[in-house]
Amino acid sequence: MVSLLTREFLVLVLVANLIAVPIAYIAMTYWLRNFAFRIELGVAPFVLGGLFTLVIVLSTVGYHAVRCATANPVNAIRSG
């Protein structure tokens with residue numbers, strides 16, 4: 001169950017990154033064009049941003065999965 005939930009969130013994050021990276025690259029290239037000292041955008045900032053996002057997603061899903069697995073189901077039924 002945890003792997004299914006994790007897989008769903010990972011797919012969503014990967015799709016979001018696939019949409020965001022080209023838009024961010026184009027926007028940053030356009031913005032950096034106006035500076036006197038120009039730099040070239042590399043792949044590293046985009047890869048690090050994607051990895052950081054994946055780490056946050058995996059830690060959040062893992063935390064909630066452990067919290068739900070260790071919760072007492074009687075309390076959930078009683079309050080629901």
For a quick test of reading the model, state the closest non-hydrogen atom pair linking Asn17 to Pro22 and the distance between them. O-CD, 4.4 Å
Hey, what else clusters with Leu18 if you join Ile, Leu, Val, Met, Phe, Trp, Tyr whenever side-chain heavy atoms sit under 4.5 Å? none
Do any side-chain atoms of residues 57-72 form donor-acceptor pairs under 3.5 angstrom with protein atoms, and if so which ones, sequence neighbours left out?
residue : atom : partner : partner atom : Å
Ser59   : OG   : Val55   : O            : 3.0
Ser59   : OG   : Ile56   : O            : 3.0
Thr60   : OG1  : Ile56   : O            : 2.8
Thr70   : OG1  : Val66   : O            : 2.9
Thr70   : OG1  : Arg67   : O            : 3.4
Asn72   : OD1  : Val74   : N            : 3.3

Considering only Ile, Leu, Val, Met, Phe, Trp and Tyr, and joining two whenever side-chain heavy atoms are under 4.5 Å apart, list the other residues clustered with Ile39. Val21, Tyr25, Met28, Trp31, Leu32, Phe35, Leu41, Phe46
Partner set under side-chain contact (heavy atoms from CB on, under 4.5 Å) for Leu48, not counting sequence neighbours: none
Given a cutoff of under 4.5 Å between side-chain heavy atoms of I, L, V, M, F, W and Y, with clusters grown through shared members, what are the other residues clustered with Tyr30? none
Nearest-0.5 Å distance that lies between atom CG in Leu14 and atom OG1 in Thr53: 10.0 Å
